[in-house]
Amino acid sequence: MSSSAEVPFYPMERSAACPLDLPPQLREIARDRPVSRVRIWDGSQAWLITGYDEARELLTDPRVSSDQSRPGYTFAAPQAKVFHNRNRSMPTMDDPEHAVLRRMVAGDFTNKKMEALRPKFQEQVDELIDEMLASGNRADLFSQLAVPMSSKAICAILGVHNEEGVRFAALGKTMASPASTNEDHVKAVEGMRALLRSLVVQSKTEPGDGVIGHLVGAGELPDDEIVATALLLMAAGHGATAHMTTLGTMALLANPDQLALIRDSRDPAFIANAVEELLRYLSVAHLGRRRVAIEDIDVGGVLIRAGEGIIVATDTANHDPHAFEGDPDELDLRRNACHHFAFGFGVHQCLGQQLSRVLLQVVYGTLYRRIPTLALAVAVEQLSYKLGLAIYGVNELPVTW
């Protein structure tokens, strides 16, 4: 075991001058050591996996557990450790328990179902852009487009409609607002949990057509697990796509040659490929996939012992020059990046990835074409970021046209 003075603290700080780039210290570690030791918030040490091949190997290794209740699991923050029993859901379960629950909801996220929703998503994005344009020549892209777009989409998947959808949107807005305090955030989460619970109860007498109705109808899960699953899908489907929309716009505005490619393209295949590259380049899940070894494992010539925590830094693996052609630190919308880890890998790969893909293809393929003069309304240095949450993003993105 290395002494604390020798072991770097994780997560590392990003450069204020280059907020979309990997933290410089993390980039340096990844270059020299694909498997290394880091310290985390509680003073304990964990293994940090930064290499692409090593990440792929561990994320599919049955000797690695996602179960937060196992000794040695590395929590991303104190709050996660306190609430882990209450928030037990698919990402914190191992197979076969995880596989049983996943099969129950996977049918609502198939490629065919997401493609069938594409026209509805297009209509919603067009309406939100219409509202932006009608409000003047300045808007907050995060709260006026990215958040409501994602909220409407995930509500449709869950089977949340009408008045409940409006209440969900309001709670999501509070959770996303930079003006919200921690207390506001906790109240909004609890409000969303209470609303989901009421929908579960309602579905028992009035079966719905979304995930909640299907889980209730299956009759295999207690109410608490249905609520936890719906809350997870709401948080994952809502936050990650919303932040990808705003960070993707920042990245494209910073690379006008790449922006021109996607703005001027009418080729769905090119836009789909561009979305994969943006997902790889930004990798908004920036605090790593957390695991714990349940047996001794040799990875890249390093022995990880049973009971030791593991952080798979998928954002860093997505910039591994051995895995991606060209310079992975540059945005290149023509690059083949389909094998990225933005949605994780292995049995815990993101269930809602196709929903996110279709939404991002719609919004990236529409926004810059409809507003070709879109530009940041403030200097990049004036933006503030969500650093302590599992998903990286900006608190707001003022734009003008």
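A quick note: this is a predicted structure, and the numbers were derived from the prediction, not measured.
Ring pair His98/His348 is tilted by interplanar angle, where 30° to 60° counts as tilted.
Atom CZ of Arg369 has more than 12 neighbouring heavy atoms from other residues, nucleotides or ligands inside a 6.0 Å radius. Shown here is Arg118, whose CZ atom has more than 12 heavy atoms of other residues, nucleotides or ligands within 6.0 Å. The 12-atom threshold is exceeded at CD of Gln349, counting heavy atoms of other residues, nucleotides or ligands nearer than 6.0 Å.
Side-chain atoms of Glu308 come within 3.5 Å of backbone atoms of Arg305 as a donor-acceptor pair (strictly under, hydrogens ignored).
Considering Arg289, Arg291, Arg290 as possible partners of Ile310, the one that fulfils the side chain to side chain contact (heavy atoms under 4.5 Å, CB included) test is Arg291.
In this structure, Glu190 pairs ionically with Arg193, as a charged nitrogen and a carboxylate oxygen lie closer than 4.0 Å. Under 4.0 Å is where a charged nitrogen must lie from a carboxylate oxygen, and between Arg335 and Glu276 no such pair does. Of the charged side-chain nitrogens involved, at least one lies within less than 4.0 Å of a carboxylate oxygen, so that Asp126 and Arg370 count as a salt-bridged pair. Lys204 and Asp223 are joined by a salt bridge, as a carboxylate oxygen and a charged side-chain nitrogen come within less than 4.0 angstrom of each other. Salt bridge annotation for Asp332-Arg334: absent, with no cationic side-chain nitrogen under 4.0 angstrom from a carboxylate oxygen.
Two rings, from Phe324 and His339, have their centers less than 6.0 Å apart. Checked against the 6.0 Å centroid criterion, the rings of Phe75 and Tyr73 qualify as a close aromatic pair.
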Next on the checklist: Working note: Arg263 + Leu252, criterion side-chain contact (heavy atoms from CB on, under 4.5 Å); need CA distance, chi angles, decisive distance, verdict.
Outcome noted: CA-CA 10 Å; Arg263 182 193 60 215; Leu252 290 167; over 6 Å; no
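Rounding to the nearest 0.5 Å gives a distance of 11.5 Å between CD of Gln361 and CZ of Phe121.
Both tests do not hold together for Arg280 against Phe341: distance to the six-membered ring centre under 6.0 Å, angle to the ring axis within 45°.
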